[in-house]
Amino acid sequence: KEVCSACHSLEFVAIRDLAQLGYTEAEVKAEAASWTVPGVDPNTGETNTRPGAPTDYFPSPYANDIAARAANNNAIPPDLSLMTKARHNGPAYVYSLLTGYQEQPAELLRKFPDSKTGTGLYYNPYFANLNLAMAPPLSDGQVTYADGTQATVDQMAKDVSAFLTWTAEPALVKRKQTGWAVLGFLLFATILAWLAKKQIWAPITPHRRRD
């Protein structure tokens, strides 16, 4: 919220979904009210803005794509709701991208002079075309952790990656827990079926002939 939401949206995440992360009902309502979302005046029918409600989805930081391009060197910041699903090895990709900013290697420039990072772009070897319009978003000490955790770039990048893994599939942990229980049940049922088969067919199973 303190960094990424200035440019990126979470179009498919409702504020009430935060309850799955352990937020209380009061905390969810307080978080929702801290956002301003589009609304409609019930008396006039005109559009306006209002404090968010838990049922609202996280609002976009820009009114439209034109405003987004104007603020970001003609590039539209992608929605992050499903980012870890949209990229191969998504969590690792997000972490690497956030921590991978560096000076363009001199060897690369010698081999490919035309590949020099242009004005307003930033070299990042984890991005598809190596040049990224997004400036390095994280710096040490940028946010304050309630539990006193040191806010290093490494720590913040891990947390962003973990959070976006959750937004992409909020039921992932529960699904895996359920999956193990189902596999255990199927294994148990298979053993019971095998034992039952042996018991039922035992009387008519031909015995080996003795010489």
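Atom set for the values below is all heavy atoms of this structure, side chains included, hydrogens, waters and symmetry mates excluded.
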Which heavy atom in [X] sits nearest to a heavy atom in [Y], and how many Å separate them?
X: Y101; Y: A135; answer: OH-O, 3.6 Å
X: T117; Y: Q104; answer: N-OE1, 3.0 Å
X: P136; Y: Y122; answer: CD-CD2, 3.8 Å
X: S161; Y: T84; answer: O-CG2, 4.3 Å
X: L82; Y: D79; answer: N-OD2, 4.4 Å
X: G52; Y: V37; answer: CA-CG2, 4.0 Å

Look at atom [atom1] of [X] and say whether more than 12 heavy atoms of other residues, nucleotides or ligands are closer to it than 6.0 Å.
X: I66; atom1: CD1; answer: no
X: Y23; atom1: OH; answer: no
X: K1; atom1: NZ; answer: yes

How long is the gap from [atom1] on [X] to [atom2] on [Y], to the nearest 0.5 Å?
X: F188; Y: T190; atom1: CZ; atom2: OG1; result: 10.5 Å
X: I15; Y: K29; atom1: CD1; atom2: NZ; result: 13.5 Å
X: N48; Y: D41; atom1: CG; atom2: CG; result: 5.5 Å
X: S5; Y: L10; atom1: OG; atom2: CG; result: 8.5 Å

Co-membership, hydrophobic cluster, residues [X] and [Y], 4.5 Å side-chain:
X: F127; Y: L130; result: no
X: M134; Y: M83; result: yes
X: V40; Y: W35; result: no
X: F163; Y: V143; result: yes
X: V153; Y: V3; result: yes

V94 and V160: CA distance, side-chain angles, deciding distance, side-chain contact (heavy atoms from CB on, under 4.5 Å) verdict: CA-CA 8 Å; V94 171; V160 170; 4.2 Å; yes
Fellow cluster residues of L195, listed by chain then number, with links counted only when side-chain atoms sit under 4.5 Å apart: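 Hydrophobic cluster check, L195: joined to L187, I191, W194.
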Looking at [Y], is its backbone amide N or carbonyl O close enough to the side chain of [X] to form a donor-acceptor pair, meaning the two atoms are under 3.5 Å apart?
X: N73; Y: A75; result: no
X: S60; Y: S9; result: no
X: S81; Y: E11; result: yes
X: S139; Y: Q142; result: no

Non-neighbouring partners of Y126 that pass ring pair (Phe, Tyr, Trp, His ring centres under 6.0 Å), sequence neighbours left out: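 So Y126 forms no ring pair (Phe, Tyr, Trp, His ring centres under 6.0 Å) with any residue.
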Is any side-chain heavy atom of [X] closer than 4.5 Å to a side-chain heavy atom of [Y]?
X: P61; Y: H8; result: no
X: Q102; Y: Y123; result: yes
X: V13; Y: W166; result: yes
X: L164; Y: P91; result: no

All pairs passing side chain to side chain donor-acceptor pair (under 3.5 Å) where residues 143-157 contributes a residue, at least two apart: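 Checked against side chain to side chain donor-acceptor pair (under 3.5 Å) - neighbours excluded - the pairs reaching residues 143-157 are Y95-D154, Y145-D159, D147-T149, D154-K158, Q155-D159.
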